[in-house]
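Scroll down for the structure; my scribbles are underneath it.
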4 protein chains.
Amino acid sequence: MANEAPPARLRVGILGASGYGGAGLIERLARHPRVRVEAVGSRQYEGEPVAASWPQLAGLFEDLRFESTEQVLERSDVIFCATPHGATAPMVAQALEAGLRVVDLSADFRLDPDTYRTWYGAEHPHPELFSLARYGLVELHREELVGARLVASPGCNATAASLALAPLAAAGLLGSSAVVNVVTGVSGAGRAPSQALHYTEVNENARVYKPAGTHRHTAEIEATVGRARVGGKRLVTHEPFEPFPVSFTPHLVPMSRGILATCTTPAPGGELDDDALLQVFADYYQDDPLVVVQADLPQTKAVAGSDRAVLSARVDARTGHVVAFCAIDNLGKGAAGQAVQGFNVAFGFEETAGLTSGGIWP
Amino acid sequence: MANEAPPARLRVGILGASGYGGAGLIERLARHPRVRVEAVGSRQYEGEPVAASWPQLAGLFEDLRFESTEQVLERSDVIFCATPHGATAPMVAQALEAGLRVVDLSADFRLDPDTYRTWYGAEHPHPELFSLARYGLVELHREELVGARLVASPGCNATAASLALAPLAAAGLLGSSAVVNVVTGVSGAGRAPSQALHYTEVNENARVYKPAGTHRHTAEIEATVGRARVGGKRLVTHEPFEPFPVSFTPHLVPMSRGILATCTTPAPGGELDDDALLQVFADYYQDDPLVVVQADLPQTKAVAGSDRAVLSARVDARTGHVVAFCAIDNLGKGAAGQAVQGFNVAFGFEETAGLTSGGIWP
Amino acid sequence: MANEAPPARLRVGILGASGYGGAGLIERLARHPRVRVEAVGSRQYEGEPVAASWPQLAGLFEDLRFESTEQVLERSDVIFCATPHGATAPMVAQALEAGLRVVDLSADFRLDPDTYRTWYGAEHPHPELFSLARYGLVELHREELVGARLVASPGCNATAASLALAPLAAAGLLGSSAVVNVVTGVSGAGRAPSQALHYTEVNENARVYKPAGTHRHTAEIEATVGRARVGGKRLVTHEPFEPFPVSFTPHLVPMSRGILATCTTPAPGGELDDDALLQVFADYYQDDPLVVVQADLPQTKAVAGSDRAVLSARVDARTGHVVAFCAIDNLGKGAAGQAVQGFNVAFGFEETAGLTSGGIWP
Amino acid sequence: MANEAPPARLRVGILGASGYGGAGLIERLARHPRVRVEAVGSRQYEGEPVAASWPQLAGLFEDLRFESTEQVLERSDVIFCATPHGATAPMVAQALEAGLRVVDLSADFRLDPDTYRTWYGAEHPHPELFSLARYGLVELHREELVGARLVASPGCNATAASLALAPLAAAGLLGSSAVVNVVTGVSGAGRAPSQALHYTEVNENARVYKPAGTHRHTAEIEATVGRARVGGKRLVTHEPFEPFPVSFTPHLVPMSRGILATCTTPAPGGELDDDALLQVFADYYQDDPLVVVQADLPQTKAVAGSDRAVLSARVDARTGHVVAFCAIDNLGKGAAGQAVQGFNVAFGFEETAGLTSGGIWP
C-alpha cells in the first residue's frame, strides 16, 4: 500500500513439502512478508498440484506443483529441508555448493560428527559441512545465527526439554543428571503409514517408545544443557562442551499435535521456592517473543497451531527435586515455526515474521 | 509503513468472549487491519484478564480484561454477540438503541417472529427489531448485507446444509423434500460443562440428538432453501417465502471441530451426471472467495481452523437421488469466521479481512 | 463342576486371526463353553505366538502359534474365515471339500452370483457353493441357519441398516426408497496401514467415503430389506426377492469402534406416532436376545465391546418421514459377535454362548 | 447344570454405583459365580432403574433400581464403596457396625491416620477403624488379606507405580529416590462434569496436574515401596515402615482409560543389563495371575477392559538409571478389577473370579 516499490521477496524452496513439516512451512512462509514460496519438492507427488497432498489447500496455490529436488534448488535463494535424516545431508551439500542458504529441519547437522557417529552408528555423510551449521534453537543461539548459511533446526523433543532445562543449567540449579519424560502427539512420527501409527492402534493407547536414553534427541538435549551450564544463554555450536546426562523417555499419546516435557532433577540444597524458581525462568526468557513463562501448569492445547513455548516449574521440596515443564506444538515451535524463526534471525528479518502466537482453542 | 496516517480503526466489542465463539472472534478481529478489539465481555470472568479464560492467550492482550456488557457497549462502535440465545436479544436492543451496529452470532434474529414462535415455543422478545436484521449467510445474502445495522449470523448446521442445498434449489434439482444428516464436533455445543459432554462420555461415542426435524436449525435451512428456489443466489431476508421441507438429524461424534453435512434429495428425472452436477455448484459459487467446490469428497480436517466451506456432490443414479456434501469448521465458517465475513460486507471492508483460508493440517 | 464328563468340545480354527475380526473371534471363542480354539491362521505372523500380533494376549494362549491355512484346516471341525474378500472363497471351498463347516465373515458368500457380479465387477469365484450359504443375520434368518454348513456372516453396515429397516419393511411402513447414512469407526476398515487411516489423518476428521450407493454393503441392505417386505421376519437366503432401493452413504469418524445407522424413509400417510412406531420395533424383536429396542436415542458407546444392537426410531410428522436408528459395535454384532451367534444357531448351541451383553463404559 | 444345589451366593451391595467404579463393579460382580448383585446405591439416581445411568445396561438387570445407602446396607452381606473420599468413611463405619464386610475403593482407609492427616490436611474421620483395614494391593499383601473385614483398595496411580517399583525395592535396586511420571486417561477423574474435563478442553490436549509430589497417591506409593524395601513381597499394612521418597507427576492425556507409569531411579552400580533386570521382575511376580512381565514396552491398549497389569523395565546404563514401566486399565486393575480381586482373596474365592484377562483390542 506504500508508494515505493516493495523490497524484492526472497525466493524460498521447500523440500519434503508433502510431509507435515512441509505443510507447516508452506503455511508460515506463504504469509511471510519478505519471501515468496517459489518451489516445493516431493518425490511422492512430483508433477501434481499442492492440493493432491494437502486437502486444506484445495483452490489455493494453484500455480504451485510439486517438483524434483533439482527443480527446487534451481529457482530458490534459500531452501528449507523437511526431508528424512540421512537423505538430507547430500541435498544440503548440493544446495550450499550452488550458493543457496539452507534451513535444515532434519537431524543431519544437529550433532558434531563424533557425537553423530555415537548416536547414529555411522560416519556423518558430510562432516566437512558441519562447521557451517548453527544450531537453530533461537533463544539460546540467537547471536551466532545471524548470517548463518546453514541452520540446523532442533528436534521437537530436544526443543521442549532444552528450553525447560537451560534456565536451571544457567542458574546452577541442576543436580548431577535429569529425568526427562515427554508425552508427544503422533504427528512427530511423520506422515508415512505404519501399523504402529494406524488410527485404531494409537487411539485410546499410551505407549512408551525408545526409552531410557535410546532416543537420538537425547544427544541434542545433553549437548544444549551441557553448553548452557557454562554459556548461560549465549551458546555457540562449535565450542567444546561437556554433555549433561539425561535419562530420556518419550511416550506416544493419542493426539495429533503437542509435546509436553516434564524434567525432574535433584535440586542443590537451599531455600528455593516456586516463586523464586519461576523468576529464574522469567529472567532467562525475558526478551524472547515466543516463550511464555507462567505459574499455571502448561498444557499442549495452549500452543496448538502456535509457534510459542509455554514453560512453568515447581519445587518438590519434600524430595529435594525441581520439576520444569515445557509445552510446544511439535509442528510449530518444534518444527516449522522454529525453522522459520531461525531463518528470520539468520536473514535479519523480524524474528516472528510469518509466525503465530495465539494458536487456536479448542 | 506508509507515510500517511492509517485510517482510524473501528472499535469492536465482543460479548460472550469467554465462550468458543468469543475466542474465534478475538483471534480473527485481533489480526483484522481495520478494527481494534476494544473491549471483551464475560459475566463469568468479569474483571479477570483474558488469559484467565484462554490459556492460548497467556502473555497476549495483557491490557484486555473481561468487562460487563455495559462497559463493552460504552466503548464500542460495533459489537459481536457470542452470547446464548434468548439472553442476547435484550443486549442487541440496548446496543442498537445506543447507536451501535451489531453482529449477532446467537439465534435470536435469524427467524422471523412467526417462525420463531413455532420453533422456540415463545414470543420473540424484540419483534420490532427484526426488520433491521439481515441473515448473514454472505454467499446468498451479500447484496442486502451492505450497510446492515444488525447481522443475524447463521447457525453452524444451517450454514453447512444451506450451502449444500442452495445450488440445487436454484437449479431446480430438488425433489419434494431433502434428508439432511450432519456429523458434528463437540464445540458446537459450547463450553459449559455437562455430563453429556464430559470427555469420557463423548470419546469413542457417536450419538444422535434432536433428530427428525426437532433441531431448531431446521427452520433456518428450510427458510434459506425455500428462498433459494425462487431467489437463486440473491436472497432477501424480509421477502415472503415457502419453506422447503427438510428431515434433519444431527450426530455428535468425538472431535472438537467440524461439521460434515450430507444432503440427499430425490432428483428430478434426467441425464444429470457427476460432472454436470459439480458444474452446477461451481457456477453457483464462482465468485465466492470462501467456498471451494471440488470433485473430491469433503472432509472436515480440510477446513479445521479455516473460514472456508468445501462442497462436493454425487448423483446416485441407481436410486434417483442427488447427494450434496459440505464440510465446514463449525467455529470458522460456522461461527466466528462467518460473523466477521458478514461484518466485513456490512461495513464495506475486504470480505476476507481477518479470515483464514488454508487452515492447519493435521 | 458336574460329575459326568463334559461334552467333547468342537475344535475351531480361525483364519485371518491377526486381523481385528480374528481378535474378536479369539476373545469370544476362548470363553465359549462348547468349543476349543484349536488353531489360528495368519500369513503375516505364521510361526509366531499369538502375542506377536496381539499385545493384549501376552502371557495367554501360550501354546497357540499362528499357522498356515492348511495347518488350520487339518485340525479343525469348523473354521471361521476373517480373511479378505476374494481371497476367502477358495479357502471356503477347500474347507467344505474337507468336510468342515464354515462361518465366513468375508463378503464372498453374502450375495447371489448375479448380484455379486454387479457389485464386484467380476464373476463369483465359486458360484456352485452359493446354494450352501445361509445369510447369517440371525434375527431374520434364524430358522434356515439351523444346520447350515456355510454361514455367510453379514457386513457391519448392512447389519445396522438392515436391523433398522426390516421392522418397517415387515410392517409396510417404507416409502419407495430409503436414505441410509452411517457414521462408522475406523476398525471396520481393518488393520492394514494406509495413509488414509494413519492416526493423524483420521483424528479430528470426519469424511465421506463410497457415497451415494457405491459401497458394496448397499447390495446386502437392499436384498435384506427387499426380502423383509415380503417375508417379514423369516427370511430365506435362496428365495427370489425384489431389492429395496437404498441411497447409502457412510461417514468415517474418529473413533475405533461403532456404527450408528440413521435410516430415513417417507412414511405412508397415517396416524403413526413415536410410541406406535417404537412398538412396531419392540414387537418385531421381542424374542431376540441381542436386540434392544428403546425410546432413548442410540449411541455407540452403549454397545462398545458388546454383541448387542440398540434400536430406536422417530416419526418426523412435519415432513412425513420415519427415521430409524441402530447402534452396534462393528467388531461385535457387526463382525465377530454376529459370526459366533450364527455359528451357535447353526450348531444348535445357546444363541448367546461366548457373547457379551453389557459391554464396557466408558 | 449340576444336580446338587449350587452354593448360596453372597449378597453384594455396591455404593456409588452410578460412577465409573460402580459400573466396573456391576460388570464384574454380575458374572462372578459366587455372588449376587443384590442392591446398588446412588444418591443421584435413587429410585431409577440401572439403565437410567448406564446406557450399556439397557434391557439388563431390569429388577435392579438404585437405592439409598441404608437400603443397600440392609440387604447385603458385603458392600463395595465406590464413593468419594471423605464421604465414605462414615458409610464404612455403619456397614462394619452392622456386621457387613467392606471393600472400599475410596482413599479413606489407605493411609494410617498420621499419614492421612499430613496428606489430607484433616483428622481421619474414623481412626479407630484403621486397624481393621488391609491394603488391597493383592500381589504384595495377599496373605494378610485373607479374612479381611475391610479391604482398602489402592489408588490407580499408586497401583501402577507400586507394582513397577516394588520388585526393585525388594531387590535392593533403588537409589535414594525415584521419579514417577504417569500418563493417565480421563476416567480416573470420575464422571462428574467440570470445565477442565469437558470434551473439547481435554481432546487434543496433554496437561500436567498436581505435580511434584502434591498428588495424594504419592503417599501410597511411598508407603508401599518403603515397605517393600524391607518386606519384599509379603507386606503388612500395620507394621511400621520408612517411606521411600518419590517425586510424582501425573499427566492427563486424551483417552478414556489407561495409566502408564514410568518410574526412573538411580541404579546402584553394577553389571545389571536388561535381561537380568527383567528377570528380577519375572521372579517377583511369578505366581501372580494378573501380572504380565514382558520385554516389550508396555502400552495401555493391551490392558483396556482387562484386570491385568503389564510390566517391563530397562537399564539406562549410560546415565546409571533403571526405568520401570507399568500399564494398567485405571478402571480395571486400577479400580473395580483390583477391588474384586481383593474381595476374592479376602473371602477365599478364586483370585480371578469375575475378572477379565485379555481385554479388548482395538
Side-chain angles (χ1 to χ4, degrees), chain A residues 1-4 6 20 23-24 26-27 30-31 33 50-61 185-187 191 203-204 254-257 285 289-306 308 310-312 327 329 331-332 336 356-362, chain B residues 1-4 6 20 22-24 26-27 30-31 33 50-61 185-187 191 203-204 254-257 289-306 308 310-312 327 329 331-332 336 356-362:
Chain A
M1 291 171 204
N3 295 334
E4 66 241 282
Y20 294 141
I26 294 172
E27 178 192 337
R31 67 182 172 227
V50 170
S53 172
W54 297 121
Q56 82 278 23
L57 302 182
L60 305 171
F61 305 105
V186 182
S187 59
R191 205 182 185 196
N203 185 40
E204 280 289 293
M255 60 187 194
S256 292
R257 292 165 175 255
Y285 290 117
L290 294 173
V291 174
V292 180
V293 175
Q294 63 181 30
D296 286 344
L297 294 164
Q299 50 187 326
T300 62
K301 189 182 282 291
V303 289
S306 160
R308 303 201 298 172
V310 174
L311 291 158
S312 194
D329 183 338
L331 298 177
T356 62
S357 49
I360 62 176
W361 186 299
Chain B
M1 290 169 208
N3 294 334
E4 67 240 282
Y20 294 141
I26 294 173
E27 179 191 336
R31 66 183 173 226
V50 170
S53 173
W54 297 120
Q56 81 279 22
L57 301 182
L60 305 171
F61 305 105
V186 181
S187 60
R191 203 182 185 196
N203 184 40
E204 281 288 294
M255 59 188 194
S256 292
R257 290 167 177 254
L290 294 173
V291 175
V292 180
V293 175
Q294 62 181 31
D296 287 344
L297 294 164
Q299 51 189 325
T300 61
K301 191 183 279 291
V303 289
S306 160
R308 303 201 298 172
V310 173
L311 291 158
S312 193
D329 183 338
L331 297 178
T356 62
S357 49
I360 63 176
W361 185 298

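No hydrogens, no waters, no symmetry mates; every other heavy atom, side chains included, goes into these values.
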Heavy-atom closest pair, residues B:P362 and A:S256: O-CB, 3.9 Å
Sub-4.5 Å side-chain heavy-atom contact between B:I360 and A:L331: no
Reported NZ-to-CH2 distance for the pair A:K301 and B:W54, which is rounded to 0.5 angstrom: 10.5 Å
Closest non-hydrogen atom pair between B:W361 and A:A23, with its separation: O-CB, 4.1 Å
Proximal component of B:S357, with respect to chain A [non-hydrogen, under 4.5 Å]: both
Contact class of B:A58 relative to chain A, heavy atoms under 4.5 angstrom: both
For B:P289, side chain to side chain contact (heavy atoms under 4.5 Å, CB included) partners two or more places apart: B:R142, B:E351, B:T352
Greatest number of heavy atom pairs closer than 4.5 Å to chain A - which of B:V292, B:L60, B:L57: B:L60
Side chain to side chain donor-acceptor pair (under 3.5 Å) partners of A:Q299, counting only residues at least two apart: D:N205
Side chain / backbone / both / neither for B:R31 at chain A, heavy atoms under 4.5 Å: neither
OG1-CD distance between B:T356 and A:Q56, expressed to the nearest 0.5 angstrom: 11.5 Å
Chain B contact via A:N203 - side chain, backbone, both or neither, heavy atoms under 4.5 Å: side chain
